[in-house]
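Numbered from 1 within each chain, the chains take letters A, B, ... in sequence-line order.
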Number of protein chains: 2
Amino acid sequence: MFRIDPQADEPLFAQLVSQVRLGVVQGRLAPGERLPAARELAEALDVNVHTVLRAYQELRDEGLVDLRRGRGAVVMAPAAVDLTSLRAAVDRVAAEARALALPPETVLTLVKEALR
Amino acid sequence: MFRIDPQADEPLFAQLVSQVRLGVVQGRLAPGERLPAARELAEALDVNVHTVLRAYQELRDEGLVDLRRGRGAVVMAPAAVDLTSLRAAVDRVAAEARALALPPETVLTLVKEALR
DNA sequence: TGTTTGTTCTAGTTTCCCTAGAACAACTAG
DNA sequence: CTAGTTGTTCTAGGGAAACTAGAACAAACA
């Protein structure tokens with residue numbers, strides 16, 4: 001369900017957060033849907049329970065999931081945004097960057113600056 | 001010349017790398033131009049010399065600067081790329097994201113995914 | 001009532017970042 | 001050729017963050 005790369009320089013919990021964030025915003029994770037139990041997902045990813053729980057808590061802080069004991073982590077309803085035009089813009093950035101053979105870090109720096 | 005925020009969650013050396021990267025790609029740092037000496041910049045930013053040198057070495061690894069003892073860090077000639085269309089695309093992404101009130105992390109996740 | 005699931009606590013290891021000082025080698029300037 | 005500048009390399013240590021581990025606990029569920 002989720003993929004984790006122990007070799008990546010991004011922290012494990014952050015990778016998980018990104019994946020869920022992506023799933024929600026892409027509609028792969030529907031509102032009301034329940035994420036795997038922390039202990040279960042931890043074993044599947046070969047990671048400690050606390051690492052998964054830290055990711056879940058971060059997602060709760062961002063308002064993406066509802067986190068309650070006994071119930072688990074449930075995907076919250078995002079404000080029904082239409083992402084088609086944003087996705088088109090993102091794809092165009094990726095295409096331009098690829099055409100210029102720019103390293104990903106440079107592009108990300110540009111985007112980060114534009115979002116500031 | 002450069003700004004560093006000790007409170008930011010991004011490492012100091014990474015902040016410096018980003019700023020130089022941005023300067024080069026934006027044309028504020030011209031090819032052949034020399035960056036400040038490490039010890040000098042370190043004192044100006046109130047940071048250790050090794051921190052600045054780590055940033056410089058990373059920039060060398062990315063091919064952005066030429067680093068030699070006695071000579072300093074000289075900005076390499078980028079492959080004369082035209083960034084106008086990319087900048088336009090980036091600005092559009094930022095505008096769309098702002099309109100949707102999406103958190104920056106989500107947008108960056110989307111871009112990172114698109115660049116993969 | 002028993003199970004599931006998140007919450008909280010302590011604790012230890014590892015890794016990364018940053019600082020600090022020193023000696024050294026390549027290059028520049030005079 | 002000499003002296004100063006600048007990056008390179010080395011050792012060293014402090015501090016924070018990430019990850020792991022185990023345990024007890026509380027809320028919700030079946």
(message) Less than 4.5 Å apart, side chain to side chain, heavy atoms only: is that true for L16(B) and L41(B)?
(response) yes
(message) Rounded to whole Å, please give me the gap between CZ in R68(A) and P in dG6(C).
(response) 13 Å
(message) If I take atom CG in residue L12(A) and atom P in nucleotide dC16(C), what distance separates them, rounded to the nearest angstrom?
(response) 12 Å
(request) Measure the distance from CD on E58(A) to P on dC19(D) and round it to the nearest whole Å. (result) 12 Å
(message) Walk me through whether Q57(A) and L67(A) qualify under side chain to side chain contact (heavy atoms under 4.5 Å, CB included).
(response) CA-CA 7 Å; Q57(A) 282 156 12; L67(A) 203 53; 4.0 Å; yes
(request) Kindly indicate whether the side chain of R71(A) and the base of dG6(C) share any N or O donor-acceptor pair separated by less than 3.5 Å? (result) no
(message) Just the rounded figure in Å: distance from C1' of dC18(C) to CD of Q15(B).
(response) 13 Å
(message) Is it the case that atom CG in D5(B) sees more than 12 heavy atoms from other parts of the structure closer than 6.0 Å?
(response) yes
(request) Begin with the C-alpha distance, continue with both residues' side-chain angles, and end with the deciding distance and a verdict on side chain to side chain contact (heavy atoms under 4.5 Å, CB included) for V20(B) and L64(B). (result) CA-CA 9 Å; V20(B) 176; L64(B) 287 178; 5.7 Å; no
(message) In whole Å, I'd like the distance from the CG atom of L67(B) to the P atom of dT5(D).
(response) 19 Å
(request) Please check the phosphate of dT20(D) (OP1 and OP2 only) for any side-chain N or O of T51(A) closer than 4.0 Å. (result) yes
(message) Within the structure provided, determine whether V107(B) and V93(B) are in side-chain contact (heavy-atom separation under 4.5 Å).
(response) yes
(message) By the salt bridge (charged side-chain N to carboxylate O under 4.0 Å, His left out) test, which pairs, at least two apart or in different chains, include something from residues 53-65 of chain A?
(response) R21(A)-E62(A)
(request) Using the side-chain contact (heavy atoms from CB on, under 4.5 Å) rule, pick out the option among T109(A), L100(A), T106(A) that qualifies with V25(B). (result) T106(A)
(request) Using a 4.5 Å cut-off on heavy atoms from C-beta on, say whether the side chain of L108(A) contacts that of V111(B). (result) yes
(request) Measure from CG on D9(A) to P on dC16(C) and round the result to the nearest Å. (result) 10 Å
(request) Looking only at side-chain atoms of P11(B), point me to the closest of dT7(C), dA18(D), dC17(C). (result) dC17(C)
(request) Answer whether the closest heavy-atom distance between the side chains of L35(B) and L29(B) falls below 4.5 Å. (result) yes
(request) Specify the separation, in whole Å, of atom CD of Q7(A) and atom P of dC19(D). (result) 13 Å
Under 3.5 Å, which protein N or O atoms sit close to an N or O of nucleotides 1-4 of chain D? Give each pair with its distance.
none

(request) Describe, as an angle rounded to 10 degrees, how the axis at the first end of the helix from dT1(C)-dA30(D) to dG30(C)-dC1(D) is tilted relative to the axis at the last end, five pairs per end. (result) 40°
(message) Which residues in residues 41-48 of chain A have a heavy atom closer than 4.0 Å to any atom of DNA chain D?
(response) V47(A), N48(A)
(message) Under the criterion side chain to side chain contact (heavy atoms under 4.5 Å, CB included), I'd like the reasoning laid out for R39(B) against E43(B): C-alpha separation, chi angles, the key distance, then a yes or no.
(response) CA-CA 6 Å; R39(B) 301 177 219 266; E43(B) 183 168 12; over 6 Å; no
(request) Can you run down the salt bridge (charged side-chain N to carboxylate O under 4.0 Å, His left out) pairs that involve residues 102-116 of chain A, sequence neighbours left out, and say none if there aren't any? (result) E113(A)-R116(A)
(request) Rounded to the nearest angstrom, tell me the gap between atom CG in D5(B) and atom P in dC18(C). (result) 12 Å
(message) For D66(A), is there an ion pair with R68(A) - N to carboxylate O distance below 4.0 angstrom?
(response) yes
(request) Indicate if L115(A) and L22(B) have the same hydrophobic cluster label, given that clusters are the connected sets of ILVMFWY residues with side-chain heavy-atom separations under 4.5 angstrom. (result) yes
(message) Base contacts versus sugar-phosphate-only contacts with protein, heavy atoms under 4.0 Å: please encode nucleotides 8-14 of chain C as B, S and - from 5' to 3'.
(response) BB-----
(request) Using a heavy-atom cut-off of under 4.0 Å over every strand shown, decide if R39(B) touches base, sugar-phosphate, or nothing. (result) base
(message) Please evaluate residues N48(A) and T51(A) with respect to the criterion side chain to side chain contact (heavy atoms under 4.5 Å, CB included), reporting the C-alpha separation (whole Å), side-chain torsions for both, the decisive distance (0.1 Å), and the verdict.
(response) CA-CA 5 Å; N48(A) 194 275; T51(A) 303; 3.9 Å; yes
